Amino acid sequence: MTTEIEARGTRAGRFDPASYEQRWRDRWEADALYRADDDDPRDKHYLLTMYPYPSGDLHIGHWYAATGPDIVARMRRMSGLNVMFPMGFDSFGLPAENAAIDRNVHPARWTESNIERMRSQFRTMGCMFDWSRELATSDPDYYRWTQWLFLQLYRAGLAYRAMAPVDWCPRDQVVLAREQVEGADRHCWRCGTQVVKRDLEQWFFRITNYADELLSFEGMDWPEPIRLMQTNWIGRSEGAEIDFPVEADAADPIRVFTTRPDTIFGATFMVLAPEHPAVAALTSDERRADVEAYVATARRETEIERMSTEREKTGVFIGAHAVNPMTQERIPIWIADYVLPGYGTGAIMAVPAHDERDYEFATKFELPIRYVVLPAGGEAPQGEAFVAHTDDEVLVDSGEFTGMAAAEAIGAITRQLADLGLGGPAVTYKIRDWLVSRQRYWGAPIPIVYCDEHGAQPVPEDQLPILLPEDVDFAPTGVSPLQSHAEFLSGTCPECGGRARRETDTMDTFVDSAWYFLRYCSPREAERAWDPEAVRRWMPVDLYTGGAEHAVLHLMYARFMVKALRDLGHFEFGEPFVALRNQGQILGADHQRMSKSRGNVANPDDLVARYGSDTVRAFLMFIGPWDQGGPWNPTGIDGVHRFLGRVWNATQAAPGDRGPVSARDIPGIPPPSLAGEIPGSGGPPADRVLGTAEELERALRRATHVTISEVTGDYEAFHFNTAIARMMELTNAIVRARESGLAGTDAYAEAVDRLLLLLAPVAPHITEELWARRGKAYSIHTQPWPVADPELARAETLELPVQVDGKLRDRLVVTRDTPPEEIERLALASEAVQRYLGGRAPRRVVQIPGRLVNVVTPGD
RNA sequence: GGGCGAGUGGCGGAACGGCAGACGCGCCGGCCUUAGGAGCCGGUGUCGAGAGACGUGCGAGUUCGAAUCUCGCCUCGCCCACCA
């Protein structure tokens, strides 16, 4: 059902989106209007928006996310670029398997039907997706190459297998990557269940090799918050590794990592992680029972309990001593779970005077606290650690280094330790290698077999893909359903040709998405993952858009993958995404994240059926800044629909159509009461004054060219809401112009044509329809982008605000070339200004040319 | 606890250090109508009859001039969180 907007005073047809939207989409499809041609001579432009998981239905958030980049893609194409804007589906993943368990439908069938539904919903949006490049990661033609990629990384030593304590989701029965464990309570990113630790043999990608390179964002136009999050996640710390000799005979020294080697004279004890390999050997007989009990407790604890800062420090003395290499002092060795096994060396020198955690521990267990760094001339604080790290700290009580500035001492002490062969400068990172094994069915099988004789062996590339069998049992048992599939399990060792057992884990779906942008370049390539020529042509992605929630997941994995493949010689570039923009998230009406379980998912289908696709697109882009998002509220969509209705009417005015006249509301025409007059001198009422026809046309052209300039800038900056506001203003000006009898003039035609071109990226259907109705050549979407003429955009008169002491008191209308002395004279002559000046001379008159005048009174 | 970001009418939101509230919703009044839940026209920050005064979370500061810059505080959101 369509709202009718009466076409007053015109012979235009009804504004009825249902009558043309589908028709134009069919035409674009038939003409392959949006297909990106590899051989196009124009400059390439690769614009990508993150592909969705095929969850079932396209919701309002998908529309919101896709419309923004679609607008930019369309504008850039009209600006003369050969734009590729592909779309596909991230179709491996757990929900498909859960659907299989819950509803007894095979994941493949469930995924296929979801893709089909979402593809058709996507098409109603009227985006310029190049569907000829569509891909789905669960397609064997795709995951064959995901497996191939695994083998490339394996051969390069970037994929390895290790026993590791891993985060395990007890509900989804699957291992998670560190990046997939969220929040203070350490819950699963997917289902929210608290994770537990498990020791398992797992496959890892060596992303830590690229930690330093991933810290560099040089030449990348990425949002600052994303860069910060990645930087913090990588967590580079510079400091020193220091060996502490152990008293026991024949024991190796214990190596610690510290960022504050300048505090070593205050190291009064050592703490090892309970898991530290030296613990068992160093523990004295009389302490062994306590130590073993503590280690066992620590092992049983969940990550949550262990990581809590609130919790009181615990630990035990292991009955051994080390020697502080600087003081030669004998210091006790403790174990405590606040020292983490996976970071640094898993052991610390404890400096309670200068570390809050060590301070708390020392206080509880009555260990000595010695201040060795203090503010210049300051005193040791009472009852707390001194952790500040500023420029004016000096060492005290530190032997030969006493009196040295702390910043300097860091280097000096590290050097001396290095000279003594007791360590040296070191760098550590928080980031861990990427755990890619998943004990699940619906993913790309890891292409490895295990031979009794030859161990883990890569599957030869010519045997790819390793296909997922269809006939499996989907009960969630904690092991992959593939483990009970005899036929799948049996493989052949490439070394000896003997029987080998297949790896049954599949790959994290983030492996799939770490390279899909490469596949889009040559999606039908049968013999290779990609055609190097096509990748050279299209990559890197010029502009990538998507949600900020992928800051440390997908976006970092994709960067890693590209750097690894570059180093393997597959291409030259080292970054996949030159520019990145994040859309905000559309929340449910209840301000919560939209989810089926909350029942707050807004579906656009009803709105599209009622208002048409263009109105929904324009409304979504109008509600606020695109990068901000917000709770979904369809109130106000009528206003946007009305706007398109006014466009419909205004653009179809026949010569001679006119209505009541009001020059007042055309932007650029100053209120006539002020024009050319001394302010305050009065004049005829605004709404009865007419400009001449020539003046009205000039004003309309000015409005047109100002709008071209502003809308172009707004689109480039992703400020779609203000761009639409500007087009609403131009539309209102055109409606007024028609009422003034301008329909049929060149200025009117120019305004209408430019408005349609500017609006085309936001509302592709109505603009195509109106373009055709105006007898213009198909398609509006291949027309050149309008360019503003600065000469026409410039107003010949200026309206200057006149302030007194910074407060607006009057306005001055002057011609552009009025000299400053004249402006000052007019300002001072103003009645309002005189009132505030009270006969006194101004202390000062500030003029910002073309902006305003501020008269400063002498004051009291 | 740390880092980042945001607080503007009844609502969504505008505003290179220079006219606060663009544009739209809603509301009020009018027109047109058998009718109006359509459409069109006008009004709409708050207080005040008015002139005018006051207004961008709170408090200071810089400036001729601050929603915008600086400092402190409050509230909300996101990310990280015993990372030595």
Side-chain angles (χ1 to χ4, degrees), chain A residues 3-9 182-184 186 223-226 228-229 231-233 235-237 239 256-260 263 271 306-311 313 336-340 342-351 354-358 360-361 387 428-431 548-549 551-552 585 591 619 622-625 628 630-631 633-640 642-643 645-646 649 659-660 662 667 687 719 721-729 731-732 735 739 799-811 842-848 850-857 859:
Chain A
T3 310
E4 184 179 341
I5 294 178
E6 193 184 340
R8 201 169 61 132
E182 297 179 339
R186 314 284 300 162
E224 183 63 23
I226 300 290
L228 247 163
M229 273 192 257
T231 302
N232 291 339
W233 186 262
R236 180 189 157 99
S237 289
V256 303
F257 173 76
T258 178
T259 53
R260 295 289 304 271
T263 64
V271 185
R306 178 143 181 190
M307 304 280 267
S308 166
T309 18
E310 315 291 293
R311 186 165 156 246
K313 294 277 180 293
D337 62 6
Y338 81 90
V339 174
L340 307 173
Y343 182 77
T345 60
I348 62 162
M349 64 175 202
V351 185
H354 303 293
D355 182 284
E356 283 171 358
R357 295 151 301 184
D358 297 346
E360 195 193 325
F361 194 83
V387 291
T428 11
Y429 303 88
K430 289 186 201 173
I431 192 174
E549 67 272 17
V552 290
Q585 198 163 45
H591 291 61
F619 174 63
F622 183 62
I623 52 179
Q628 188 177 298
N633 178 4
T635 308
I637 192 169
D638 284 323
V640 172
R642 244 173 248 144
F643 158 57
R646 286 160 71 80
N649 290 340
S662 169
D687 55 358
H719 295 166
N721 56 331
T722 49
I724 291 169
R726 298 290 88 85
M727 291 187 285
M728 286 173 166
E729 287 179 306
T731 303
N732 292 342
V735 168
E739 290 171 352
E799 192 190 88
L800 295 177
V802 178
Q803 298 181 333
V804 177
D805 292 334
K807 288 202 164 80
L808 176 72
R809 298 303 180 189
D810 205 348
R811 292 157 199 283
R843 186 152 66 97
R844 194 179 157 188
V845 179
V846 180
Q847 265 199 59
I848 310 297
R851 299 293 305 185
L852 58 38
V853 184
N854 188 16
V855 178
V856 186
T857 63

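Lettering of chains follows the sequences in order, A, B, ..., and the numbering in each one begins at 1. Just so it is clear, the structure is predicted and the values come from calculations on it, not from any experiment.
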Problem set entry | Whole-Å P distance, B:rG55 and B:rG65 | 16 Å

Exercise. Is there a donor N/O on one and an acceptor N/O on the other, under 3.5 Å, for the side chain of A:Arg811 and the base of B:rC19?
Worked result: yes

Problem set entry | Closest nucleotide among B:rC19, B:rC64, B:rG24 to the A:Asn854 side chain | B:rC64

For this session: Would you classify A:Arg809 as touching base, sugar-phosphate or nothing, given that sugar-phosphate means primed atoms plus P, OP1 and OP2, and contacts are heavy atoms under 4.0 Å?
Result: sugar-phosphate

For this session: Return yes if the base of B:rG18 and the side-chain atoms of A:Gln803 contain a donor-acceptor N/O pair under 3.5 Å, otherwise no.
Result: yes

For this session: Look at the side chain of A:Leu228 and decide which nucleotide, out of B:rC23, B:rA84, B:rG3, has an atom nearest to it.
Result: B:rG3

Exercise. Can you find an N or O donor on one side and an acceptor on the other, under 3.5 Å apart, linking the side chain of A:Arg726 with the base of B:rA22?
Worked result: yes

Problem set entry | Residue mapping more 5' on RNA chain B - nearest nucleotide basis, A:Val855 or A:Ile724 | A:Ile724

Exercise. Would A:Arg844 and A:Asn854 count as having a side-chain donor-acceptor pair, cut-off 3.5 Å?
Worked result: no

Seminar exercise, completed: From the candidates B:rC19, B:rA84, B:rA14, the one with an atom nearest any side-chain atom of A:Phe257 is B:rA84

Problem set entry | Residue A:Tyr343, side-chain heavy atoms: nucleotide from B:rC54, B:rA84, B:rG18 that is nearest | B:rA84

For this session: Could you say whether A:Val846 or A:Phe622 is positioned toward the 5' end of RNA chain B, judged by the nucleotide with the nearest heavy atom to each?
Result: A:Phe622

